[in-house]
Asks: 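After the structure tokens below, expect a handful of questions from me.
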Amino acid sequence: MNPEHAQTLRSILSAQQVAALGTLHEGVPYVSMVPFALLRDGSAVIHVSALAAHTRAMLAEPAVSLLVMAPPSAGVLPQALPRVTIQALAASCGPVDPRHAEARAAYLGRFADSEPMFSFGDFSLFVLAPQSLRLVAGFAQAHTLAPTDLAAALR
């Protein structure tokens, strides 16, 4: 991957703590906001309530999309804002999952104040494993990337 694209990707993902999560809720597109952290392999980690529509949707249909955008900037048209859309497969990551300790540590590393929520019975971790990415590095600068590109950019 182009080093400039890798830097743009790292910058977007480190600058933003929340993303738009797209799911299929009863067959209808549904978008919600989720705080996220990243694992070394580029998978996103979210901590969600069983009461949330997006959680039920991920359990019924694991194909999801995560959109992370650079913060608005003076003099930059909204259409030119750098952003990445990650197509992923969502999987519940309970305490017996071998990735649970790493996922929990990554999430709490970014959201330390969320630790009390781990004692709530209806909250659980989900890992969103990237399948493909679409990086828009600016106006007319769209690039399709592989999950391995994301992992390499995060190293």
Side-chain angles (χ1 to χ4, degrees), residues 5 8-73 78-137 142-154:
H5 296 154
T8 299
L9 190 54
R10 278 191 304 275
S11 177
I12 294 167
L13 294 170
S14 65
Q16 291 291 14
Q17 294 185 326
V18 297
L21 174 68
T23 59
L24 282 177
H25 182 70
E26 298 176 2
V28 178
Y30 181 84
V31 179
S32 55
M33 182 282 298
V34 291
F36 74 96
L38 294 171
L39 299 179
R40 289 183 301 252
D41 70 358
S43 295
V45 177
I46 58 176
H47 191 230
V48 293
S49 169
L51 302 175
H54 53 248
T55 303
R56 293 189 304 276
M58 288 186 293
L59 291 169
E61 172 53 64
V64 300
S65 184
L66 199 68
L67 170 66
V68 184
M69 295 181 58
S73 178
Q79 300 89 334
L81 286 174
R83 57 201 176 268
V84 62
T85 299
I86 303 170
Q87 303 289 57
L89 292 177
S92 180
C93 184
V96 297
D97 190 302
R99 302 169 298 176
H100 186 266
E102 180 188 6
R104 187 177 194 276
Y107 193 86
L108 289 175
R110 196 163 206 197
F111 305 104
D113 293 343
S114 295
E115 186 164 17
M117 295 172 71
F118 278 82
S119 66
F120 297 176
D122 70 314
F123 271 77
S124 60
L125 290 169
F126 272 73
V127 173
L128 311 180
Q131 303 299 298
S132 67
L133 295 84
R134 186 73 171 166
L135 172 67
V136 178
H143 309 278
T144 299
L145 304 173
T148 53
D149 294 323
L150 174 58
L154 294 176

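When a residue number appears, it is its place in the shown sequence, counting from 1. The figures here come from the full heavy-atom set of this structure, side chains too, leaving out hydrogens, waters and symmetry mates.
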Asks: Quick check: closest heavy atoms across L81 and S73, and the distance to 0.1 Å?
Replies: CD2-N, 4.1 Å
Asks: For the atom pair NE2 (H47) and CE (M117), what is the distance rounded to the nearest 0.5 Å?
Replies: 6.5 Å
Asks: Is the backbone N or O of M69 less than 3.5 Å from a side-chain atom of Q16, with the two atoms forming a donor-acceptor pair by type?
Replies: yes
Asks: Could you tell me how the ring of Y107 sits relative to the ring of F111: parallel (under 30°), tilted (30 to 60°) or perpendicular (over 60°)?
Replies: tilted
Asks: If you look at every heavy atom in A50 and T55, which pair is closest and at what distance?
Replies: CA-CG2, 4.0 Å
Asks: Locate the shortest heavy-atom distance separating S92 from D97; write the atom from each residue and the value.
Replies: O-OD2, 3.9 Å
Asks: Just by distance, do the side chain of R10 and the backbone of A153 share a donor-acceptor pair under 3.5 Å?
Replies: yes
Asks: Are the side chains of L145 and L150 in touch, meaning some heavy atoms are under 4.5 Å apart?
Replies: no
Asks: Does any non-hydrogen side-chain atom of S43 lie less than 4.5 Å from one of P130?
Replies: yes
Asks: Check whether any side-chain heavy atom of E61 sits under 4.5 Å from a side-chain heavy atom of E26, and report yes or no.
Replies: no
Asks: To the nearest 0.5 Å, tell me how far R83 CZ sits from L67 CG.
Replies: 8.0 Å
Asks: Measure across A103 and L39 and return the closest heavy-atom pair with its distance rounded to 0.1 Å.
Replies: CA-CD2, 3.8 Å
Asks: What do the steps show when you test L108 against F118 for side chain to side chain contact (heavy atoms under 4.5 Å, CB included), and what is the final call?
Replies: CA-CA 10 Å; L108 289 175; F118 278 82; 3.6 Å; yes
Asks: Measure the OG-CZ distance between S49 and R56 for me, rounded to the nearest 0.5 Å.
Replies: 8.5 Å
Asks: Report the distance from atom CZ of R104 to atom CG of L125, rounding to the nearest 0.5 Å.
Replies: 8.0 Å
Asks: Side-chain contact test, heavy atoms from C-beta onward, threshold under 4.5 Å: evaluate it for M58 versus V48 and give yes or no.
Replies: yes
Asks: With side chains defined as the heavy atoms from C-beta onward, is the minimum distance between S132 and Q87 less than 4.5 Å?
Replies: yes
Asks: Apply the side chain to side chain contact (heavy atoms under 4.5 Å, CB included) test between L9 and each candidate in L135, D149, L154; give the one that qualifies.
Replies: L135
Asks: Starting at CD1 of I46, measure out to CE of M33 and round the result to the nearest 0.5 Å.
Replies: 11.0 Å
Asks: Testing the basics here: between T8 and P82, what is the closest heavy-atom pair and its distance to 0.1 Å?
Replies: CG2-CB, 4.0 Å
Asks: Which residue is it: L21, L128, V68, V18? I am looking for the one with a side chain to side chain contact (heavy atoms under 4.5 Å, CB included) to F36.
Replies: V68
Asks: Testing the basics here: between L13 and R110, what is the closest heavy-atom pair and its distance to 0.1 Å?
Replies: O-NH2, 2.9 Å
Asks: Taking the side chain from R134 and the backbone from V84, do they hold a donor-acceptor pair closer than 3.5 Å?
Replies: no
